[in-house]
K.L.:
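Take a look at the following structure, please.
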Amino acid sequence: MPVEEFVAGWISGALGLVLGHPFDTVKLLGFFKGMSFPIASIAVVNSVLFGVYSNTLLLLTATSHQERWAQPPSYMHIFLAGCTGGFLQAYCLAPFDLIKVRLQNQTEPVAQPGSPPPQYQGPVHCAASIFREEGYRGLFRGAWALMLRDTPTMGIYFITYEGLCHQYTPEGQNPSSATVLVAGGFAGIASWVAATPLDVIKSRMQMDGLRRRVYQGVLDCMVSSVRQEGLGVFFRGVTINSARAFPVNAVTFLSYEYLLRWWG
Ligand SMILES: CN(C)C(=N)NCCC[C@H](N)C(=O)O
C-alpha cells in the first residue's frame with residue numbers, strides 16, 4: 001500500500017490548518033489556546049482522508065497517483081473513494097473534534113473577574129474528564145453525525161477538485177499551480193456548503209450530555225432544532241465556513257500535489 005499519500009496528506013493538512021486557524025477561532029467566538037493539538041489532530045485526520053482516498057482509487061482503478069492525470073478515473077470511482085476516505089476520517093476525527101468543540105464552547109471571549117475556572121484545562125484534561133464522566137462512548141459523542149456529515153461531503157470534495165482540474169488542464173498534462181489552488185479552494189467551499197447542516201447538528205450533539213442529555217439522537221436533534229429555530233438553523237455558519245474553506249483547501253491541495261510530484 002503506497003504511503004506517500006498518507007504523509008503528503010499529513011503535511012498538507014497541517015499547512016491548511018495554520019491558515020484556517022484564525023477563522024476557526026472566530027467561528028465559535030472562542031479562543032483555542034495553542035495550536036499543537038489542532039495541528040496534530042488535523043494532520044492525522046487529513047493523512048487518513050488522503051491516504052484512504054488515494055489507495056481506494058488505486059484498488060478501484062489500478063492507477064497510481066502519478067498515472068491519474070493521463071488516465072483519469074471515472075467520477076463514480078472518485079466519489080466512492082472520497083466517501084470511503086470521509087467515512088474513515090470521521091471515525092478518527094470524532095474524539096479530536098469533540099475535544100475541540102468542548103474547549104471552544106467553554107471559553108468566554110473576555111474572562112470575567114471572579115468567574116469560576118474553566119471546566120477543562122486543556123485537550124488532555126478534557127479527554128480524561130469526558131472519559132471519566134461519560135465513559136469511552138462519551139468520547140465518540142456526535143460521531144454518527146460526523147460520519148453522516150463527512151461521508152458524502154468528501155465524495156463531493158474530491159469530485160469538485162478533480163472535475164475542475166480536468167476542466168482547466170490540457171489532456172495528459174499535470175494541472176498548473178493556479179488550477180490546483182482554485183480547484184482546491186472551490187472543493188473546500190462545495191464540501192463545506194454540503195456539510196454545514198450536519199455540522200450544526202454534530203456540534204449540538206457533542207455539547208449534549210455536558211450537563212444533561214437533551215437529544216435522543218441525530219434525528220431528534222434535527223427535528224427539535226428546526227422546530228425551535230426554523231430551517232435557517234441548517235445554514236448557520238455557512239458564510240464563515242466557506243470563507244475559511246477556500247484558502248485552507250487551496251493550500252492543502254497545492255502542498256499535497258507538490259509533495260507527491262517531488263517524491264514521485
Ligand atoms: C467537513 N468538511 C466539509 C470537510 N472536512 N471538508 C474537507 C476539508 C478538510 C479541510 N481540512 C478543512 O477543514 O476545510
Side-chain angles (χ1 to χ4, degrees), residues 5-6 8-28 32 35 37-54 78-79 81-94 96-98 100-101 104 142-164 180-206 218 234-257:
E5 284 90 347
F6 285 96
W10 179 288
I11 299 172
S12 59
L15 288 174
L17 179 106
V18 171
L19 215 78
H21 187 67
F23 291 91
D24 256 338
T25 306
V26 172
K27 198 161 111 185
L28 284 164
F32 196 23
M35 288 190 65
F37 173 73
I39 286 185
S41 56
I42 279 296
V44 173
V45 167
N46 216 58
S47 152
V48 171
L49 174 64
F50 279 81
V52 171
Y53 168 72
S54 199
I78 294 172
F79 185 73
C83 290
T84 311
F87 180 78
L88 290 174
Q89 76 123 28
Y91 188 77
C92 302
L93 177 63
F96 292 120
D97 195 60
L98 175 72
K100 176 179 131 167
V101 168
Q104 282 176 321
W144 273 115
L146 200 61
M147 284 176 194
L148 287 174
R149 183 195 77 172
D150 284 2
T151 305
T153 51
M154 291 306 147
I156 294 172
Y157 183 60
F158 285 106
I159 281 220
T160 310
Y161 174 70
E162 306 275 358
L164 286 173
V180 170
L181 279 172
V182 172
F186 278 109
I189 293 184
S191 69
W192 274 105
V193 169
T196 297
L198 272 157
D199 189 56
V200 172
I201 300 304
K202 177 232 34 135
S203 301
R204 291 179 178 203
M205 299 287 301
Q206 288 171 324
V218 175
F234 287 140
F235 300 98
R236 195 154 291 170
V238 73
T239 314
I240 187 89
N241 284 347
S242 306
R244 173 193 165 281
F246 193 93
V248 168
N249 292 286
V251 164
T252 298
F253 272 105
L254 189 71
S255 44
Y256 177 75
E257 292 291 352

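Positions are given from 1, in the same order as the sequence printed here. Atoms within each ligand, like the ligands themselves, are counted from 1 in listed order.
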K.L.:
Could you tell me the residue and atom name of the protein heavy atom closest to atom 11 (N) of ligand 1, and the distance to it rounded to 0.1 Å?
P.N.:
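So the nearest neighbour among protein heavy atoms is Asn46 OD1, 4.1 Å.
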
K.L.:
Quick check against the 3.5 Å criterion: does Thr151 have a side-chain atom that pairs as donor or acceptor with the backbone of Leu148?
P.N.:
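Such a contact is absent between Thr151 side chain and Leu148 backbone.
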
K.L.:
What do we get for Ser191 next to ligand 1 when only non-hydrogen atoms under 4.0 Å count, side chain, backbone, both or neither?
P.N.:
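It is both parts that get close, each with some atom under 4.0 Å.
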
K.L.:
Just jot down the ligand 1 atoms closer than 4.0 angstrom to any heavy atom of Met154, in number order.
P.N.:
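Atoms satisfying the 4.0 Å criterion: 2 (N), 4 (C), 5 (N), 6 (N), 7 (C).
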
K.L.:
What is the ring orientation for Phe50 with Phe158, classed by angle as parallel under 30°, tilted 30 to 60°, or perpendicular over 60°?
P.N.:
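Aromatic pair Phe50/Phe158 classed perpendicular.
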
K.L.:
Heavy-atom pairs closer than 4.0 Å: do any link ligand 1 to the side chain of Asn249, the backbone, both, or neither?
P.N.:
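The answer is the side chain of Asn249.
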
K.L.:
Have a look at ligand 1 and work out which part of Thr252, if any, has a heavy atom under 4.0 Å from it: side chain, backbone, both or neither.
P.N.:
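Looking at Thr252 and ligand 1, no heavy atom falls under 4.0 Å.
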
K.L.:
Classify the ring geometry between Phe253 and Tyr161 as parallel (under 30°), tilted (30 to 60°) or perpendicular (over 60°).
P.N.:
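Ring orientation of Phe253 relative to Tyr161: parallel.
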
K.L.:
At what distance is the nearest protein heavy atom to atom 13 (O) of ligand 1, and which residue and atom is it?
P.N.:
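Residue, atom and distance for the closest contact: Arg244 NH2, 2.9 Å.
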
K.L.:
Between Trp192 and ligand 1, find which residue part has any heavy-atom pair under 4.0 Å and reply side chain, backbone, both or neither.
P.N.:
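The part of Trp192 near ligand 1 is both the backbone and the side chain.
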
K.L.:
Counting from 1, what ligand 1 atoms have a heavy atom of Asp150 closer than 4.0 Å?
P.N.:
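Under 4.0 Å from Asp150, ligand 1 has these atoms: 1 (C).
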
K.L.:
As a test of understanding, state which of Ile11, Leu15, Thr252 forms a side-chain contact (heavy atoms from CB on, under 4.5 Å) with Asn46.
P.N.:
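In the set Ile11, Leu15, Thr252, the residue that makes a side-chain contact (heavy atoms from CB on, under 4.5 Å) with Asn46 is Thr252.
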
K.L.:
Take atom CZ of Phe246 as the centre, draw a 6.0 Å sphere, and report whether it contains more than 12 heavy atoms from other residues, nucleotides or ligands.
P.N.:
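Correct, the count exceeds 12.
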
K.L.:
Which heavy-atom pair separates Cys92 from Val48 by the least distance, and what is that distance?
P.N.:
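Taking every non-hydrogen atom into account, SG-CG2, 3.9 Å.
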
K.L.:
Short question: side chain of Ser54, backbone of Gly51 - any donor-acceptor pair under 3.5 Å?
P.N.:
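Side chain of Ser54 to backbone of Gly51: no pair is present.
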
K.L.:
N/O of Arg149 under 3.5 Å from N/O of ligand 1, yes or no?
P.N.:
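Between Arg149 and ligand 1 (N or O atoms, distance only) the closest approach is not under 3.5 Å.
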
